[in-house]
Number of protein chains: 2
Amino acid sequence: MKDGPNIATLAALIGDPARANILTALMSGKALTASELAHEAGVTAQTASSHLRKLEDGALIAHRQQGRHRYFTLTGDEVARALEGLMGLAATQGQLRTRTGPKDQELRTARVCYNHMAGEMGVRLYRSMQDRGAFRTTHSGLDLTPQGYDFVRDLGLNPDGLPPSRAPLCRECLDWSMRQSHLAGRLGRALLSRFEDLGWVARVPDSRILRVSRRGEKEFDSILG
Amino acid sequence: MKDGPNIATLAALIGDPARANILTALMSGKALTASELAHEAGVTAQTASSHLRKLEDGALIAHRQQGRHRYFTLTGDEVARALEGLMGLAATQGQLRTRTGPKDQELRTARVCYNHMAGEMGVRLYRSMQDRGAFRTTHSGLDLTPQGYDFVRDLGLNPDGLPPSRAPLCRECLDWSMRQSHLAGRLGRALLSRFEDLGWVARVPDSRILRVSRRGEKEFDSILG
DNA sequence: GCGATGCTTCGATTAGCGTCGAAGCATGAA
DNA sequence: TTCATGCTTCGACGCTAATCGAAGCATCGC
């Protein structure tokens, strides 16, 4: 009856508090150094180093050297998506870190999920695109329809001009606060940075919170209907 | 930066091999006794008892007493969904338990995911329903459109006649083998048991595999297009 | 009533792993 | 070169948690 992939080692990897803190910090999408992550996790540099090694062996994170610094990131969307899934389950059990403080509310409104937008705004965006028939499902996953292309182009973005990568253009990611899908993948990433460039949203330092500007709110309302 | 729900305790709960085996066994959707689960996990009854207690404290499983037996099940879709998510990530890292044996292929074709259908067939079903506009997203999640009602009724099922519960009617669940959504929720459950009644699919004992009958294949082909 | 079965609690053992101090090794700055 | 910074390796400590034997407690069948 032991069917399917082995989840024990993977879950055990995430299951240590220090490592979970490291992963959560990396969900901001920013590349962080080993010392920064050690501080985030609340452990010494030696301990963090050991954890980082394990996470890297488990292919959850990767690093690139820059001078004497080591910048760590999640290995990709897949990891972020699975972590959001775990957060979703944890949230239903009231395992919130802070008892629904004001910060928590801000997280629900809009936040960064690795490199794309999540929260209420992220789900609204995805739903709106879906409603106008922007997506089509193919054998290999989600793809953009002509309507989808138009929508993206209206935002001043050329889907074909995105940096090529083996990551899919569109991917759905389950939102832990909304329990619905939002858009991930290369397009999700591009849209978030576009919104930042336009000044519609801005990252709050040292957190995953995205603050929606007054102008952003107006624009989103008019675009997403 | 420690934003969002606390995933460490949850992941640690899943991260023990014995407990992971228990949870995987329960993904079949069948209620299993403590001794059966002990056997699945490869530990003694005492050890299993301890694990079951922890899983229950963590609200991942629940039990109901029946005579001198204790039947355990997952607490709901949410749990199954998160576990499938973990399997998805584990699968991308080649953490397959068996090196793509024939059993693995059967799992990918069609399998039980707690109480609904997953795998290729599950994704095909969901995609087909989506293509004919069966779903509509509301503030509370996924809902059936009139077209959706028609589709379900054509299968001899009355969506309004389903046993009421606080679980949503429709819910999407991310498939670990297809990396796309399939249908969960009360409707997902009802559809699977309908397919079983019709003799289109049959559960393979002691596994999550769903075997599609010759007739089932034909029917699915004609219905799902 | 009696024994068998299913499961739990208790207690003791053990192993694994997270933790940090100290030392080592690069890179960068002075 | 010399010192500081960022990070890793080594070694030792300590604690948690998984494990099982033995005993206890229900329930079922006779």
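Just so we're on the same page: letters track the sequence lines, and every chain starts at 1.
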_Rounded to whole Å, please give me the gap between CD in B/E56 and C1' in C/dT8._
13 Å
*Ion pair present between A/R203 and A/E196, side-chain N to carboxylate O less than 4.0 angstrom?*
yes
*Length of the line joining B/H69:NE2 and D/dG29:P, which is rounded to integer Å*: 9 Å
*Between C/dT8, C/dT19, D/dT19, which one does the side chain of A/A18 approach most closely?*
C/dT19
*Residues A/E84 and A/R208 bridged, charged N to O under 4.0 Å*: yes
*For B/R53 and A/T47, take the nucleotide of DNA chain C holding the closest heavy atom to each; which residue's nucleotide lies nearer the 5' end?*
B/R53
*Determine: side-chain N/O of B/T44 to OP1/OP2 of D/dT19, distance under 4.0 Å, yes or no.*
no
*Is any side-chain N or O of A/S49 closer than 4.0 Å to OP1 or OP2 of D/dT8?*
yes
*Take A/Q46 and A/R19, find for each the nucleotide of DNA chain C with the closest heavy atom, and name the residue whose nucleotide sits nearer the 5' end.*
A/R19
*Tell me: CG of B/L52 to C1' of D/dA18, nearest whole Å?*
14 Å
*Just how far, in rounded Å, is C1' of D/dA18 from CG of B/L55?*
13 Å
*Looking at B/H51, does any N or O in its side chain come under 4.0 Å of the phosphate oxygens OP1/OP2 on D/dT19?*
yes
*Within this structure, what is the CG-to-P distance between B/D57 and D/dA17, rounded to whole angstrom?*
13 Å
*Length of the NZ-C1' vector between A/K54 and D/dT8, whole Å*: 14 Å
*Can you label the angle between the A/F72 ring and the A/H63 ring as parallel, tilted or perpendicular, going by 30° and 60°?*
tilted
*Roughly how many Å is it from NE2 in A/H63 to C1' in D/dG6, rounded to a whole number?*
13 Å
_Nearest-Å distance for atom pair CD/C1', residues A/Q65 and D/dT5_ = 13 Å
_Sidechain N-carboxylate O distance under 4.0 Å for A/R111, A/D175_ = yes
*Answer with base, sugar-phosphate or nothing: what part of the nucleic acid does A/A34 contact at a heavy-atom distance below 4.0 Å?*
sugar-phosphate
*Is any side-chain N of the basic residue among A/R179 and B/E78 closer than 4.0 Å to the acidic one's carboxylate O?*
yes
*What's the closest nucleotide to the A/R68 side chain, out of D/dG6, C/dT8, C/dG18?*
D/dG6
*Touch class at under 4.0 angstrom, heavy-atom based, for B/A38 against every strand present*: nothing
*Of all the nucleotides listed (C/dT19, D/dT9, D/dA18), which has the minimum atom distance to the side chain of A/D16?*
C/dT19
